[in-house]
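Take a look at the structure set out below.
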Amino acid sequence: MKAEFAHYKKEELMRMLTIMQTIRTFEEKAGMMYGLRKIGGFCHLYTGQEAVAAGAISSLDLSKDYVVTAYRDHGHALACGMDPKKAMAELFGKVTGCSHGKGGSMHLFDVEHHFFGGNGIVGAQIPVAAGVAFAQQYQGSDGVTLCFFGDGAFHQGAVHETFNLGKIWDLPIVFIIENNQWGMGTNWKKVSAVDDFSVTAGAYGMKGSSCNGLDVLDVRATIEKAVAEARLGRPSLVEARTYRYKGHSMSDPQKYRTREEIDEYRKRDAIQSFRSRLSEEKILSEEEWSALTQRINTQIEEAVAFAEESPEPALSELYTDIYA
Amino acid sequence: MAEMTYREALNRALDEEMARDDRVFLIGEEVGEYDGAYKVSRGLLSKYGPKRVRDTPISELGFTGLGVGAAIAGLRPVVEWMTHNFALLALDQVVNNAAKLRQMSGGQLSVPIVFRGPNGPAEFLAAQHSQALGSYWMHVPGLKVVAPATPADAYGLLKSAIRNDNPVVMLEAELMYAWKGEVSEQEFLVPIGKARIAREGVDVTLITYSKPIRVVEEAADRLAEKGVQAEVIDLRSLRPLDEETIVNSVRKTGRCVVVDEAWPLASPGATIAHLVDSRCFDVLDAPVELVSGEDVPMPYNHTLELAAQPSVEKVIAAVAKVLYREDV
């Protein structure tokens, strides 16, 4: 057995596989539901990137750690343990959704599972995540905060202000760039001064590292190290190189990239390659995979049914949840 | 009662609230070792230490957003902006995050945070440092906005703001920090959303908030010499607005002048004038007048900058107009 597999119990490997497959199934169903106009507005799917959320978030102890992300947030929410029913109902705008139908796809929150959203302004979640880490440090917790953002967000001033604050105050935070290579329709290489984001960490006195965002175990191992450092008050930056299969949002015709490019990445699909490796290592049987996918399919079907059957918010909900 | 400055009143409120609640901390540029750009936080670093009195780099967007994150994670930050002009760099964090996180999370999160600092023109500071930006915050549902005009209200409203579970923006002013006033030695709170009748009168209602209160009070004194009894309302809070106090006063006087140092378009003053028009139309004896800042960027030259702001003369002229009298 290869070393990286031997490092984890089967249960843990299966947990990562389950998170990834749950996200994939949820997102494919969300895409269908968008096509049926059950979901409106901006809906940013996470398919292709599942290994990043699964590898990173599975390394946390969510009794004390927190996760903050941007608007492509379904995957992170599910990886933190959000009930798919609450997530799908939120996409449907129903009152049973995690945010009572007021947030929608971009604004999933699950305070119980320490998932703090769900932010629709590119880069705006990054100072907020540092504030969560600040509170952890202030309260004497040894918890850490994982702050996810994309290659597009990297060029916002908020990122660089926060890197500096994180370092000068030794905040327990890991900044994770999910470089899916396309900031909406703009290739990251066209707008970035560097061809490796992780090197910028050095400008702020932080450690920078990279991992293969299509390899869940590489993500897991890299983030585990970064989290251990963050618990000691050493923030760092991790770049996970990944790829999104779908458009920026559901309304994106994707004229900026070729079919061949997408197909090339699909051949390296994170879930299929992890599954194959688990099979080769005799950790996962065909029967187990089949049972797993069936169970997840059922779970997501139930989530859709729950969302369908749930009531719309009452008009009086317009005025609630604004002030505490 | 003790006489103290507006600055000292704010300092006392911060000190008492930090002593009362460990979750309260102060963060901003120069709040610690420098004792505050305007000395509002004098002595707090030595008393509470750098954990709770946190000097920041010049990163308004960063430290304002960090405050928001700390608030949703259980702390009660007081974010000092050196001025509201610089808070424009942090507008995104206030409007898109502080004001929205509770609603977007379906009530799961609360954002107990205070954003405070001087707002509006001082003297000789030119266009980028002399803006009255209350409308930027007043416009946004999810925020509360307070604008105390006396040391007692500065003390009582800051304490209320710190204890409030919502984001509260506080408008202070450079020139007000040295203003003196009586403040009870007993602890007290001033409720958010409640205006103060600064002077009772029957002939005309003058409505203002923050620094222009002194211009309005002087105008009221001069009007009294001419036999005009003006009622002066100091709003103290811009959001929520104390509509009842406004309406009750105008129902008594039938005439209203709103005095606001902000620019006239889409301003707090314009909103209040509209409110009085729509709720008091049946009792108004004249259209509501608005005395605002002139609709220009603030010039450096002192004569010009004074001409750009509400003055006693402008207020009296507006009162003469609503009274249809030329002899005031």
Side-chain angles (χ1 to χ4, degrees), chain A residues 66 68 86 90 95 97-104 106-112 114 116-121 123-139 141 143 145 147 156-166 168-169 171 313 317 319-324, chain B residues 22-23 25 27 50-52 54-77 79 89-90 92-113 140-144 164-168 192-193 239-240:
Chain A
Y66 286 86
V68 179
K86 284 188 176 179
E90 189 59 35
V95 73
C98 61
S99 301
H100 301 173
K102 295 173 184 178
M106 295 186 286
H107 308 303
L108 301 180
F109 291 85
D110 188 343
V111 169
E112 184 191 339
H114 285 195
F116 276 8
N119 196 306
I121 306 296
Q125 78 279 17
I126 299 163
V128 173
V132 175
F134 180 95
Q136 289 172 307
Q137 182 190 62
Y138 189 100
Q139 291 155 345
S141 148
T145 298
C147 174
Q156 288 279 33
V159 173
H160 301 277
E161 292 190 21
T162 308
F163 285 177
N164 188 55
L165 291 169
I168 62 172
W169 293 339
L171 297 182
E317 284 278 329
Y319 300 102
T320 61
D321 299 329
I322 299 168
Y323 290 101
Chain B
D22 287 345
R23 298 170 300 174
F25 70 99
I27 183 169
K51 177 182 169 189
R52 298 183 66 197
R54 190 67 68 115
D55 279 322
T56 69
I58 302 171
S59 297
E60 284 84 5
L61 175 62
F63 70 75
T64 301
L66 184 143
V68 173
I72 62 173
L75 303 184
R76 303 187 82 87
V79 174
L89 287 152
D92 176 53
Q93 286 297 332
V94 183
V95 176
N96 279 319
N97 283 342
K100 303 290 193 295
L101 282 168
R102 183 167 183 80
Q103 189 260 13
M104 295 194 306
S105 68
Q108 292 182 73
L109 295 171
S110 58
V111 192
I113 188 168
V140 182
L143 301 180
K144 297 194 175 198
N164 200 280
D165 286 333
N166 298 289
V168 181
I192 295 171
R239 177 184 272 275

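Computation of the quantities below employed the complete heavy-atom set of this structure, encompassing side-chain atoms and omitting hydrogens, waters and symmetry-equivalent molecules. Letters A, B, ... are given to chains in the order of the sequence lines, protein chains preceding strands, and every chain is numbered from 1.
Nearest heavy atoms, B/Leu75 versus A/Ala135: CD1-CA, 3.6 Å.
Atom CZ of B/Arg102 is separated from atom CZ of A/Phe109 by 12.0 Å, given to the nearest 0.5 angstrom.
Residues B/Ile72 and A/Val132 meet the side-chain proximity criterion, which asks for heavy atoms closer than 4.5 Å. With a 4.5 Å cut-off on side-chain heavy atoms, B/Leu109 and A/Val111 count as touching.
Partners of B/Asp55 by salt bridge (Lys or Arg N to Asp or Glu O under 4.0 Å), not counting sequence neighbours: none found. Every residue two or more places apart in sequence or in another chain that forms a salt bridge (Lys or Arg N to Asp or Glu O under 4.0 Å) with B/Arg23 is listed here: B/Asp21.
When each of B/Leu101, B/Thr56, B/Leu61 is checked for heavy-atom pairs under 4.5 Å with chain A, B/Leu61 comes out on top. Between chain A and the options B/Arg52, B/Lys100, B/Arg54, B/Gln93, heavy-atom pairs under 4.5 Å are most frequent for B/Arg54. With chain B as partner, the option from A/Gly120, A/Cys98, A/Gly104, A/Gly118 having the largest number of non-hydrogen pairs under 4.5 angstrom is A/Cys98. Of all the listed residues (B/Ser110, B/Gly62, B/Gly67), the one sharing the greatest number of non-hydrogen pairs under 4.5 Å with chain A is B/Gly62.
Looking at A/Leu171, only its side chain comes within 4.5 Å of chain B, counting heavy atoms on both sides. In this structure, no portion of A/Ala129 lies under 4.5 Å from any heavy atom of chain B. B/Asn164 does not touch chain A: none of its heavy atoms, backbone or side chain, sits under 4.5 Å away. Contacts of B/Gln108 with chain A are made by both backbone and side-chain atoms, with heavy-atom separations under 4.5 Å. Heavy-atom distances place no part of B/Leu89 under 4.5 Å from chain A, backbone and side chain included. Interface remark: A/Leu165 contributes side-chain atoms only to the contact with chain B (heavy atom separation under 4.5 Å). Neither the backbone nor the side chain of B/Thr64 comes within contact range of chain A, judged by heavy atoms closer than 4.5 Å. For A/Glu90, no part sits under 4.5 Å from any heavy atom of chain B, backbone or side chain.
In this structure, A/Asp321 contributes its side chain and B/Ser105 its backbone to no donor-acceptor pair below 3.5 Å. For A/Glu161 (side chain) and B/Phe63 (main-chain N/O), no donor-acceptor pair under 3.5 Å exists by modelled atom type. Distance alone, capped at 3.5 Å, places no donor-acceptor pair between the A/Tyr323 side chain and the B/Asn166 backbone. For the pair B/Gln103 (side chain) and A/Tyr319 (backbone), a donor-acceptor distance under 3.5 Å is absent.
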### Message
Would A/Asn119 and B/Met104 count as a side-chain contact (heavy atoms from CB on, under 4.5 Å) here? Give the steps.
### Response
CA-CA 9 Å; A/Asn119 196 306; B/Met104 295 194 306; 5.7 Å; no
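Counted within 6.0 Å of CD1 on A/Ile168, heavy atoms from surrounding residues, nucleotides or ligands total more than 12; the atom is thus considered enclosed. Heavy-atom neighbours of A/Glu317 CD from other residues, nucleotides or ligands within 6.0 Å: above the threshold of 12.
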